[in-house]
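For reference, positions follow the sequence shown, starting with 1.
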Amino acid sequence: MKKGLKKTRNIGIIAHIDAGKTTVSERMLYYTGKIHKMGEVHDGDTAMDWMAQEQERGITITSAVTNFFWRDHEIHLIDTPGHVDFTIEVERSLRVLDGAVVVFCGVGGVEPQSETVWHQADKYRVPRIAFINKMDRIGADFIHVVSMMRERFNTPPIALQLPIGSESAFQGVIDLMRQKALVWSKDGLGNEYEVAEIPDGLKERASSYRERLLEAAAEADDALMETYLETGDLPEDKIVWGLRKRTLALEIVPVLCGSALKNKGIQPLMDAIVDFLPSPLDIPPVSGIDPATGEETTRPPDIKAPFSALVFKVMMDQGRKLCFVRIYSGETRVGGEVYNLNLRKREKVSRILEIHANHRKRIEVAKAGDIVGMIGLKKSSTGNTLCDASQPILLEPIDSYTPVISVAIETVSNQEAERVQEVLSQIMEEDPTFQVRTDEETGQVVISGMGELHLNVVTTRLLEEYGLKVHVGQPQVVYRETIAKPMEATGTFDHEIAGAHGFAEVTLLMEPAERGTGNRYVEGEGCDVMPQEYREAIRDGVMDALSFGPLTGSPIVDVAVTLKDVKWEENDHTVSSLRIATATAIREGTQKAGIVMLEPIMELDILVPEEFVGDVISDINSRKGEVHSLTSKGKVTNIQTRVPLKQLFGYSTTLRSLTQGRGNFSMHYFRHDQTT
C-alpha cells in the first residue's frame, strides 16, 4: 500500500566493490518480507543481481531498483555497482535519489571507489548514513574505519553504535542512543535479536562515544544545546531530531555497523534509514530552467503541482524500451501523455510499472516521490526531462563519462552484421558510457567503454545473451587530439549550389584550453548582429569539425574557438555556406597550429604489503607512471599513482606476481593528456 510523501524514502546503496552492498540489500528485502529466502552473492542467487553475468561474476553490473516497507514507511531502493567501469550507474542513481547508505568494509575501510561514490554524493548534495560491514572478518576494525572517514571526508562521522566482539567473536552492537546492547544469535537468520545491558568491559567506551553523539545532536539547535548543558543528557526523540536535522543539512554522517553475511545489524540500519534519511518533503524543490525565459524555476514535491520527472535509466525489456523515471512533482496515469522537453515531443505512457529487480507489477498512476518504470516512451533517453507541456521545466541532465578503451569486433556474415549493429544500438541506448563507431579504413565495428571489464561484459552479452557470432580484437586505448599553439584561420566557401551562388567567409581564432575543460566556442565583438540561424550554423560547424581530428580521426578536445569575423552572401544557401566555411577554417587552423595526441591517464590506488613497495614502485616507473603519495596503513602501504592506460593491460597479473598474490588495486579515469 502506498504511503504519503512524509513516509517515503528514495535511497541508494553505494560502496567500493565487494564491500557487501548487494548482501545488505538482500537482507533488507528478507527482513521486510519482500522475499522469503535470502540469496548469496557467491551462490549467484540474489534477488538484486539478476543478470546472468552478475550471477556468474559475483558482482553488480547494473543498478537494480526495488521497494519495501519498514516501520510503516515505503522505501524505494537502488542497489548500485561498486566497480569503477560501471560508475555511470552510480552517477545516474545519485542524480535522482534523496539519500544514500554508504557501505564500507570493516577491514578495507575507505577504499578508492568508496571515495569516488562519496564525492559523487557530495556533487548532488545527497544526505547519507554509513554502514561498516564485515565486522566478523579477520582484521575488521570499526574505530579505524571511522577514523579513516574523518580523515578523508569533509563531513564528520558520528558513531550511533559500537561493535560487541570482533572478528569471529562479533555478536552484536551497542546502541548508543538507547544505551542497550543488541545481540544476535551466533547461528540463524537474524530475524530477532536480544536487547540486553551493555557488557561491563564496554561501558566506559560506550559512555565516551555517547557523549560525542549527544554533542553532535545538541549542536542542531540552541534550545537543544541549552538542555544538554543543563542536564548532561537528552531525551531519545530529541537525539533523533537533532541528528536528523544535521544529517539532512550534510553536517554529519551517522555510522552503524554489522555483518550482513552473518545476518547481524540490518534491522537497526533500516531504522536509521527511516530516522535520518530524507523524505521528498525534506529536500529542496527540484530546480530547472524555464525554456521560455531561460531563468531558473522550481517544482515542489506535490502531486497537485505541474508534472515534472527525469528519465535516469533506459533498458530493453523483451524488445520494448523500459524507462526508469523519478517523478518530482504532479502525477501521470496509464494512457496519459507526457512532454519530453529535450526532444520537444509528446509521448504516451502505455504502462507504469513498480519495479523489483527484474520483476514488474503494473500500477495505474505514478505520483511525486515515486521511482517507477514506464513503457511507451519510444524516443526518450537517459537524462531527458518529462513535464507538463503547458508549464515546462528543463531539469539538470545526468553527467556522463569519456570512454577510455576500445576493441574491434568482426562478424561472420552481412546478415549477422545487421543484427550486431541493432543490438549494439540497444546497448548504447542503455549505457551512455558505451559508444560504437565504424572504422572508415578497415570497415570494422569499434566499441568503446570505461575499461576492460566493461567491454568484456558487452562482448559476452553479444555471444551468450544474443547468440551472435563475433570475433573480438585486442583492447586499444581511445585517443584524443588537441592543438599545440594558438592560430587564426579563415575558411572560405565560394561555389555554385544547385544553380545558385553560395559564398561565406569565416575567420576563427583557435587557442589551446586547459586539460580536461573540453571545447568552448564564443563570438567576438559585433558577431551577435547576425541572424540567429546563421550564428547557430557557425556554432554547429565548429563543433562538427572538432569531432574528427586530422591524425587519427579522434575528437579534437580542449580547444577555445572565438569567431573573429564573418562575411556572407544572402540567399537560400547561406546556412550551408557558413557551415562549410567554418569547417574549412577549423581544418586549416588545426593543421597550422600543430596537432598533439592525448591518451587516457588512469589514477591507481594500489594496496601492497610494505615489503613489496619498492618492487611495485619500480614497475610503475617502468610504465611511465607518476607516484603521487605513499600512505602506511599498518603493515600495508597505499600507493597512489597516475599511469597511461596503454601501459596497464595485464597489470593485475603483474601485481599478483610482484606481491605473491597479496597486492590489489583499483583504477579510474583521470583525464586525457600528453605523455612523453
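In this structure, the side chain of N519 engages the main chain of V559 through a donor-acceptor pair within 3.5 Å. Looking at T460, its side chain does come within 3.5 Å of a backbone N or O of N456 through a donor-acceptor pair. Between the T293 side chain and the E295 main chain, a donor and an acceptor come within less than 3.5 Å of each other. The backbone N or O of V627 sits nowhere less than 3.5 Å from a side-chain atom of Q640 that would complete a donor-acceptor pair. Listed for the E416 side chain is a donor-acceptor partner under 3.5 Å among the backbone atoms of K469. In terms of modelled atom types and a separation under 3.5 Å, the side chain of Q120 and the main chain of V90 share no donor-acceptor contact. E430 places a side-chain N or O within donor-acceptor distance of the main-chain N or O of M316, the cut-off being under 3.5 Å.
Looking only at side-chain heavy atoms (C-beta outward), L563 and L508 come within less than 4.5 Å of each other. Side chains of F670 and M602 form no contact here, defined as non-hydrogen atoms less than 4.5 Å apart. The shortest side-chain heavy-atom distance between L546 and V561 falls under the 4.5 Å cut-off. Using a 4.5 Å heavy-atom threshold, the side chains of E488 and T507 count as touching. Within the 4.5 Å cutoff, no side-chain heavy atoms of T298 are placed close to those of I393. Two residues are said to be in side-chain contact when any heavy atoms from C-beta on lie closer than 4.5 Å; V110 and M149 meet this criterion. The shortest side-chain heavy-atom distance between K321 and E429 falls under the 4.5 Å cut-off. In this structure, I371 and V65 have side chains that are in contact, with non-hydrogen atoms separated by less than 4.5 Å.
Between D558 and R480 there is no salt bridge, since none of the side-chain N atoms of the basic residue sits less than 4.0 Å from a carboxylate O of the acidic one. R92 and E89 are joined by a salt bridge, as a carboxylate oxygen and a charged side-chain nitrogen come within less than 4.0 angstrom of each other. Ionic pairing of D79 and K21 is not present here: no N-O contact between side-chain nitrogen and carboxylate oxygen is shorter than 4.0 angstrom. At a threshold of 4.0 Å, the pair D122-R128 counts as salt-bridged, since one of the basic side-chain nitrogens sits closer than that to a carboxylate oxygen.
Between S308 and V286, the shortest heavy-atom distance links the atoms OG-CG1, 4.3 Å. Taking every heavy atom of both residues into account, P291 and L341 meet most closely at CG-CD2, 4.0 Å. Heavy-atom minimum distance, V596 versus A484: CG2-CB, 3.7 Å. Across all their heavy atoms, F104 and S114 have their closest contact at CE2-CB, 3.9 Å. Heavy-atom minimum distance, A100 versus V126: N-CG1, 3.8 Å. When all heavy atoms of I606 and V608 are compared, the pair lying nearest together is CG2-CG1, 3.7 Å.
The cationic atom of R539 (NZ for Lys, CZ for Arg) does not lie both less than 6.0 Å from the six-membered ring centre of Y521 and within 45° of the ring axis. Taking the centre and axis of the six-membered ring of Y328, the NZ or CZ atom of R326 falls inside the cone set by 45° and 6.0 Å.
In the displayed structure, K379 atom NZ is contacted under 6.0 Å by at most 12 heavy atoms of other residues, nucleotides or ligands. Residue-environment remark: CD (Q532) exceeds the threshold of 12 foreign heavy atoms within 6.0 Å. Taking a 6.0 Å sphere around CD of E514, one finds it holds 12 or fewer heavy atoms contributed by other residues, nucleotides or ligands.
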Extract all donor-acceptor atom pairs below 3.5 Å that involve side chains of residues 549-557 and protein atoms in other chains or at least two apart in sequence.
residue, atom, partner, partner atom, Å
T552, OG1, E481, OE2, 2.9
T552, OG1, S554, N, 3.3
T552, OG1, S554, OG, 2.7
S554, OG, Y479, O, 3.4

Under 3.5 Å donor-acceptor pairs involving side-chain atoms of residues 585-595, not counting sequence neighbours:
residue, atom, partner, partner atom, Å
R587, NH2, T584, OG1, 3.3
T590, OG1, I586, O, 3.0
T590, OG1, R587, O, 2.9

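Distance CD1/I617 to CG/L658: 12.0 Å, rounded to 0.5 Å. Here the straight-line distance linking atom CD of E115 with atom CD of E603 works out to 10.0 Å at 0.5 Å rounding. Here CD of E505 is found 12.5 Å from OG of S577. Values are rounded to the nearest 0.5 Å. Atom CZ of R95 and atom OG1 of T382 lie 12.5 Å apart (nearest 0.5 Å). To the nearest 0.5 Å, atom OG of residue S657 and atom CG of residue D615 are 10.0 Å apart. Between L607 atom CG and I639 atom CD1 the span is 8.5 Å, to the nearest 0.5 Å.
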Would H501 and E569 count as a side chain to side chain donor-acceptor pair (under 3.5 Å) if you check the C-alpha gap in whole Å, the side-chain angles of each, and the deciding distance to 0.1 Å? CA-CA 8 Å; H501 184 242; E569 187 174 289; 2.9 Å; yes
Give the C-alpha distance, both sets of side-chain angles, the deciding distance and a yes or no for salt bridge (charged side-chain N to carboxylate O under 4.0 Å, His left out) between R642 and D673. CA-CA 11 Å; R642 292 174 187 159; D673 209 342; over 6 Å; no
In sequence, state the C-alpha distance, the side-chain angles, and the governing distance for K378 and E347, and then conclude on salt bridge (charged side-chain N to carboxylate O under 4.0 Å, His left out). CA-CA 7 Å; K378 297 179 181 179; E347 300 232 68; over 6 Å; no
Set out, in order, the CA-CA distance, both residues' side-chain angles and the distance that settles side chain to side chain contact (heavy atoms under 4.5 Å, CB included) for N384 and F312, then state yes or no. CA-CA 8 Å; N384 283 178; F312 68 93; over 6 Å; no
Are Q426 and Y466 close enough, and set up right, to give a side chain to side chain contact (heavy atoms under 4.5 Å, CB included), and what steps lead you there? CA-CA 12 Å; Q426 292 179 4; Y466 294 98; 4.0 Å; yes
Where do L645 and V477 land on the side chain to side chain contact (heavy atoms under 4.5 Å, CB included) test, with the steps shown first? CA-CA 7 Å; L645 175 61; V477 300; 3.8 Å; yes
Going through the distances and angles, do F324 and M374 end up as a side chain to side chain contact (heavy atoms under 4.5 Å, CB included)? CA-CA 6 Å; F324 290 76; M374 290 186 182; over 6 Å; no
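Side-chain atoms of S380 and N340 include a donor-acceptor pair closer than 3.5 Å. Side chains of Y124 and E91: a donor on one and an acceptor on the other come within 3.5 Å. One side chain, D431 or T433, offers a donor N or O that lies under 3.5 Å from an acceptor on the other.
Ring geometry for H119 against F153 counts as perpendicular: the plane angle is over 60°, on a 0 to 90° scale with 30° as the lower cut. The aromatic rings of W568 and Y534 sit perpendicular to each other, their planes meeting at more than 60°, with 30° as the lower class boundary.
R623 pairs by the salt bridge (charged side-chain N to carboxylate O under 4.0 Å, His left out) definition with D619, not counting sequence neighbours.
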